[in-house]
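Since this is a predicted model, take the numbers as computed values, not measurements.
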Amino acid sequence: MTVRVTRTFEFDAPAEGVWEFISDPAKRAAAISVVDHYDVTDERTATWHVSLPIPFIDSTVAVETEDVVRDPPNHVKFVGRSRVMRVTGEHRVEAVGDGCRLVNEFVVDGRVPGVERFFKRNLDKELDNLEAALRESLGLTA
């Protein structure tokens with residue numbers, strides 16, 4: 001089973017500020033609550049140490065992430081691989097009037113029982129966290 005969530009955020013802010021946040025692997029990782037800690041290797045790669053409250057996983061799981069598409073300042077797509085899941089995140093920044101829109105899509109493919117069920121219940125919350133972190137970074141209120 002695959003879990004897929006698409007959400008769109010609107011900001012009264014320039015697209016450049018949104019791009020600066022969303023294209024940064026450290027900022028993306030810090031916004032996700034199940035990322036216990038992370039190590040940034042370079043501007044395109046990071047290792048997320050994810051803590052999932054599901055059976056069979058009694059420690060953090062290293063998820064090796066890599067930006068596989070970067071089209072500044074409009075589009076970034078990353079893929080994360082681990083022994084328990086594969087995650088793909090795609091973000092498109094679109095200028096709209098004086099502000100911008102950010103279209104987000106996340107796909108999680110679990111490799112152990114419970115991973116997809118966890119993300120099916122929690123992926124919307126994680127996108128709320130991402131939006132809140134972005135708004136804070138831009139100096140905007142919810």
Consider only side-chain heavy atoms of I, L, V, M, F, W and Y, link residues closer than 4.5 Å, and tell whether V50 and V107 are in one cluster. no

Counterpart residues, side-chain contact (heavy atoms from CB on, under 4.5 Å), relative to V69 (two or more places apart): H75, K77

E20: salt bridge (Lys or Arg N to Asp or Glu O under 4.0 Å) partners, not counting sequence neighbours: K27

Less than 4.5 Å apart, side chain to side chain, heavy atoms only: is that true for F118 and V34? yes

Treating R28 as the side-chain partner and I22 as the backbone partner, does any N or O pair qualify as donor plus acceptor under 3.5 Å? yes

What heavy-atom pair brings V115 and G110 nearest, and what distance separates the two atoms? CG1-CA, 3.8 Å

Is H91 close to L130 at the side-chain level, that is, under 4.5 Å between some pair of heavy atoms? yes

Does some side-chain heavy atom of L138 sit less than 4.5 Å from a side-chain heavy atom of F21? no

With rounding to the nearest 0.5 Å, note down the distance linking CZ in F78 to OG1 in T88. 7.5 Å

Around D36, counting heavy atoms of other residues, nucleotides and ligands shown, do more than 12 lie under 6.0 Å from its CG? yes

Can you tell me if CD on E10 sees more than 12 non-hydrogen neighbours from other groups inside 6.0 Å? yes

Before giving the answer on salt bridge (charged side-chain N to carboxylate O under 4.0 Å, His left out), spell out for E94 and R92 the whole-Å C-alpha distance, their side-chain angles and the decisive distance to 0.1 Å. CA-CA 6 Å; E94 304 167 354; R92 294 185 185 274; over 6 Å; no

Side-chain heavy atoms of V84 within contact of V63, under 4.5 Å: no

Minimum heavy-atom distance V79-R86, with the two atoms named: CG1-NH2, 3.6 Å

Is any side-chain heavy atom of S33 closer than 4.5 Å to one of E126? yes

Is there a side-chain contact between R7 and D128, using heavy atoms and a 4.5 Å cut-off? yes

Between V93 and P73 the two heavy atoms that sit nearest each other are CB-O, 3.7 Å

Under a 4.5 Å side-chain heavy-atom rule over Ile, Leu, Val, Met, Phe, Trp and Tyr, are F9 and L140 clustered together? yes

Interatomic spacing from CG in N74 to CG in L102 - rounded to 0.5 Å: 11.5 Å

Below 4.5 Å, heavy atoms only, C-beta onward: do F119 and V5 meet side chain to side chain? no

Inter-residue atom distance W19.CH2 - C100.SG, 0.5 Å rounding: 12.5 Å

Do you reckon V76 sits in the same ILVMFWY cluster as V103, going by side-chain contacts under 4.5 Å, direct or chained? no

Flag the pair R83 / R111 as yes when at least one side-chain heavy-atom distance between them is below 4.5 Å, and no otherwise. no

Test of understanding: clusters of I, L, V, M, F, W, Y form through side-chain heavy atoms closer than 4.5 Å, transitively. Do I54 and V35 belong to the same one? yes

Give, for atom CG of L127 and atom CZ of F106, the distance between the pair rounded to the nearest 0.5 Å. 5.5 Å

Which residues satisfy the ring-ring contact (aromatic ring centres under 6.0 Å, His included) test with H49, sequence neighbours excluded? H37

CG of D42 to CD of E66: how many Å apart, nearest 0.5 Å? 8.5 Å

Should the heavy atoms of other residues, nucleotides or ligands under 6.0 Å from CZ of R70 be counted, would the total exceed 12? yes

Once rounded to the nearest 0.5 Å, what's the spacing between atom CG of L134 and atom CG of N104? 8.0 Å

Heavy-atom nearest pair, P25 first then W48, reads O-NE1, 4.4 Å

